[in-house]
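In what follows, a single structure is set out as structure tokens and then discussed.
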Amino acid sequence: MRGAFRTLLCALLLTALASSISAQFRLFGPRSPKPTPAPRQMRKASAYISSQAPLKVNQSLLNQATPDNVHVVVSLPKQRAYLMIGEEIVADSPISSGKTGHSTPSGNFSVMEKDPDHRSSIYGDFVDRSGRVVRSGISAKADSAPSGTHYVGAPMRWFMRLTGEGVGMHVGILPGYPASHGCIRMSADGAKLFYDTVRVGTPVKVGNY
């Protein structure tokens, strides 16, 4: 008799416990797993490029521009280059100047040389006999060429030299911030427009304008 009573009591306790758990489950619901955070994606270069306003041209002023009446102003804080007649802006182009450790020099310069297909004498790639790039983004001053390769300088289309050390204005990647080794990179359309308009001797001011 005692055994039957003890069995009945255990059954009642188990039933009550199960009812309590069931009620809590209905009240709070199943515990949802924590969502897996989405991996952070790096911004594409195009996202940085689009953050800079594109080349702007005052066509009526451009029609008046000659190699003898224009000058260039480069604003390092604004990352813009201006082709100007007097105080009026003929063209306003995005740029990318020198990064930390390779800052673009400030001061008054003039165009020393124009070369439509210039190549860097310092930065480029090591290429094998078949033309395959073996190592890219190297410095000819600091890196040794692997056996069977030769140095090919990075292209600097529409190059306008400003200093004897090789700093100039030319076509390059525009990530939206200073990123070059000292040169003033420009968009292809901006560099071509400036190149076609300036002459050797055109004044260029670079600084905090």
Side-chain angles (χ1 to χ4, degrees), residues 42-124 153-209:
M42 292 182 65
R43 292 181 67 185
K44 296 181 179 179
S46 58
Y48 288 107
I49 294 170
S50 64
S51 69
Q52 285 182 288
L55 175 71
K56 302 173 185 177
V57 180
N58 184 323
Q59 193 60 50
S60 63
L61 281 177
L62 181 61
N63 293 337
Q64 304 171 37
T66 71
D68 294 318
N69 69 4
V70 298
H71 64 279
V72 175
V73 174
V74 176
S75 171
L76 299 178
K78 295 178 181 176
Q79 291 291 281
R80 307 294 293 187
Y82 306 100
L83 182 67
M84 305 188 70
I85 298 176
E87 297 300 314
E88 297 186 281
I89 297 174
V90 178
D92 171 356
S93 172
I95 66 161
S96 177
S97 59
K99 60 187 176 181
T100 302
H102 297 275
S103 299
T104 299
S106 296
N108 296 323
F109 307 93
S110 62
V111 176
M112 301 173 62
E113 171 195 0
K114 293 175 62 178
D115 183 356
D117 294 304
H118 188 73
R119 284 187 174 271
S120 174
S121 60
I122 300 175
Y123 302 104
M156 295 177 165
R157 292 275 291 160
W158 311 120
F159 181 72
M160 296 161 276
R161 182 186 296 275
L162 301 182
T163 75
E165 291 72 33
V167 173
M169 305 174 72
H170 61 81
V171 176
I173 296 173
L174 304 180
Y177 51 84
S180 80
H181 286 96
C183 281
I184 299 163
R185 298 177 184 170
M186 306 181 72
S187 60
D189 52 354
K192 179 67 163 60
L193 176 62
F194 279 56
Y195 185 94
D196 287 344
T197 309
V198 305
R199 61 173 173 80
V200 173
T202 295
V204 180
K205 295 171 65 176
V206 181
N208 298 324
Y209 301 107

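Numbers here are sequence positions counted from 1.
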Does the side chain of [Y] come within less than 4.5 Å of [X]'s, by heavy atoms?
X: Val204; Y: Val73; answer: no
X: Leu83; Y: Val198; answer: yes
X: Lys114; Y: Arg161; answer: no

Quick one: ring-ring contact (aromatic ring centres under 6.0 Å, His included) partners of [X], sequence neighbours excluded?
X: His71; result: none
X: Tyr82; result: none
X: His181; result: His102, Tyr123
X: Phe194; result: none

Looking at [Y], is its backbone amide N or carbonyl O close enough to the side chain of [X] to form a donor-acceptor pair, meaning the two atoms are under 3.5 Å apart?
X: Ser96; Y: Pro175; answer: no
X: Ser97; Y: Ile184; answer: no
X: Ser75; Y: Gln79; answer: no
X: Thr104; Y: Gly182; answer: yes
X: Ser103; Y: Thr100; answer: no

Nearest-0.5 Å distance that lies between atom [atom1] in [X] and atom [atom2] in [Y]:
X: Leu174; Y: Ile95; atom1: CG; atom2: CD1; result: 8.5 Å
X: Phe159; Y: Asp117; atom1: CZ; atom2: CG; result: 12.5 Å
X: Met160; Y: His170; atom1: CE; atom2: NE2; result: 9.5 Å
X: Gln52; Y: Tyr177; atom1: CD; atom2: OH; result: 10.5 Å

Do you know the tightest heavy-atom contact between Cys183 and Gly166? SG-O, 3.6 Å
If I compare all heavy atoms of Val72 with all of Met169, which pair ends up nearest, and what's the gap? CG1-CE, 4.1 Å
Sequence neighbours excluded - salt bridge (Lys or Arg N to Asp or Glu O under 4.0 Å) pairs with any residue from residues 167-193: Lys192-Asp196
So which pairs with a foot in residues 76-95 pass salt bridge (Lys or Arg N to Asp or Glu O under 4.0 Å), sequence neighbours left out? Arg80-Asp92
